[in-house]
Amino acid sequence: MSIVTAAYARIYVGSETNTSGPNVLADYTADTWTEVGQVQDLGKFGSEAKEVAYTTLADNQTYRLKGTQDSGSFDLVCARDPDDVGQSVLRTAAASEYLPRRFKVELADKPAGGTTNTIFYFKAITRSAQSEFGKADKEITQTFSVGISGNILEVEAA
């Protein structure tokens with residue numbers, strides 16, 4: 001059994017993209033990526049089905065079905081670095097129009113003798129870029145609220 005931690009995981013931001021249409025792996029592998037630096041927390045994301053519940057009168061029971069899928073949203077927390085190009089791209093994206101960007105998250109889980117890590121690809125909008133100042137002996141953090149649009153592509157480690 002191999003347990004994977006978030007240590008050494010990296011997140012990258014790519015180019016702007018349209019909001020409609022399926023995610024196609026070739027679009028991601030052809031993109032140019034900028035790493036977001038000083039990441040402290042990647043948050044959590046992944047597909048989750050909405051619950052569709054209804055109750056019938058005849059048997060007085062509630063029934064549940066799987067509804068539409070939602071890939072979610074997450075907060076990306078970074079130690080604020082005004083010189084970091086990836087953070088700058090996200091600050092600009094948060095202040096701009098709705099167009100989403102491509103994202104890539106790469107784990108450090110290459111198996112022994114393997115050649116690649118697990119990679120997640122998705123489109124997302126950056127909804128906000130909030131700074132937390134705290135006290136004198138605390139670093140200033142920048143939290144980017146990221147909303148995933150559509151499905152997530154996962155390319156497993158090989």
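Computed from a predicted model, the values in this text were never measured in an experiment.
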Heavy-atom count around [X] [atom1] within 6.0 Å, excluding the residue itself: above 12?
X: Gln130; atom1: CD; result: no
X: Tyr63; atom1: OH; result: yes
X: Lys138; atom1: NZ; result: yes

**Asked** Given Cys78, which of Thr141, Ile11, Val36 fulfils the side chain to side chain contact (heavy atoms under 4.5 Å, CB included) condition?
**Response** Val36
**Item:** Identified side chain to side chain contact (heavy atoms under 4.5 Å, CB included) partner of Gln38 from the options Glu139, Gln142, Gln87
**Value:** Gln87
Please answer: with hydrophobic residues joined when any side-chain heavy atoms are less than 4.5 Å apart, are [X] and [Y] in the same cluster?
X: Leu76; Y: Tyr12; result: no
X: Val155; Y: Leu153; result: yes
X: Phe45; Y: Tyr121; result: no
X: Leu25; Y: Trp33; result: yes
X: Val105; Y: Val146; result: yes

**Request:** Kindly indicate, with the supporting measurements, whether the criterion side chain to side chain contact (heavy atoms under 4.5 Å, CB included) is fulfilled by Val13 and Leu90.
**Result:** CA-CA 8 Å; Val13 62; Leu90 292 178; 4.1 Å; yes
**Prompt:** Is the closest side-chain donor-acceptor distance between Thr143 and Asp75 under 3.5 Å?
**Reply:**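 Their side chains do not contain a donor-acceptor pair, so the 3.5 Å distance test is not met.
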**Prompt:** With a 3.5 Å cut-off and no angle check, do the side chains of Ser47 and Ser71 form a donor-acceptor pair?
**Reply:**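 No, because no side-chain N or O of Ser47 sits under 3.5 Å from a partner of the opposite role on Ser71.
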**Asked** Quick one: does Asp109's side chain have a donor or acceptor within less than 3.5 Å of a partner on Asn117's backbone?
**Response**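 Side chain of Asp109 to backbone of Asn117: no pair is present.
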**Asked** So, Asp41 side chain and Val77 main chain: donor-acceptor pair closer than 3.5 Å or not?
**Response** no
**Item:** Residues that Lys135 engages under salt bridge (Lys or Arg N to Asp or Glu O under 4.0 Å), provided they are two or more places apart
**Value:**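 Lys135: no salt bridge (Lys or Arg N to Asp or Glu O under 4.0 Å) contacts found.
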**Item:** Non-neighbouring partners of Glu35 that pass salt bridge (Lys or Arg N to Asp or Glu O under 4.0 Å), sequence neighbours left out
**Value:** Arg10
**Item:** Closest non-hydrogen atom pair between Ala124 and Ile148, with its separation
**Value:**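 Where Ala124 meets Ile148 most closely, the heavy atoms are CB-CA, 3.9 Å.
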**Request:** Taking all heavy atoms of Gly14 and all of Arg101, pick out the closest pair and write down the distance.
**Result:**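 That would be O-NH1, 2.7 Å.
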**Request:** Starting from the C-alpha separation in whole Å, work towards a yes-or-no answer on side chain to side chain contact (heavy atoms under 4.5 Å, CB included) for Glu106 and Phe120.
**Result:** CA-CA 7 Å; Glu106 183 173 359; Phe120 299 90; over 6 Å; no
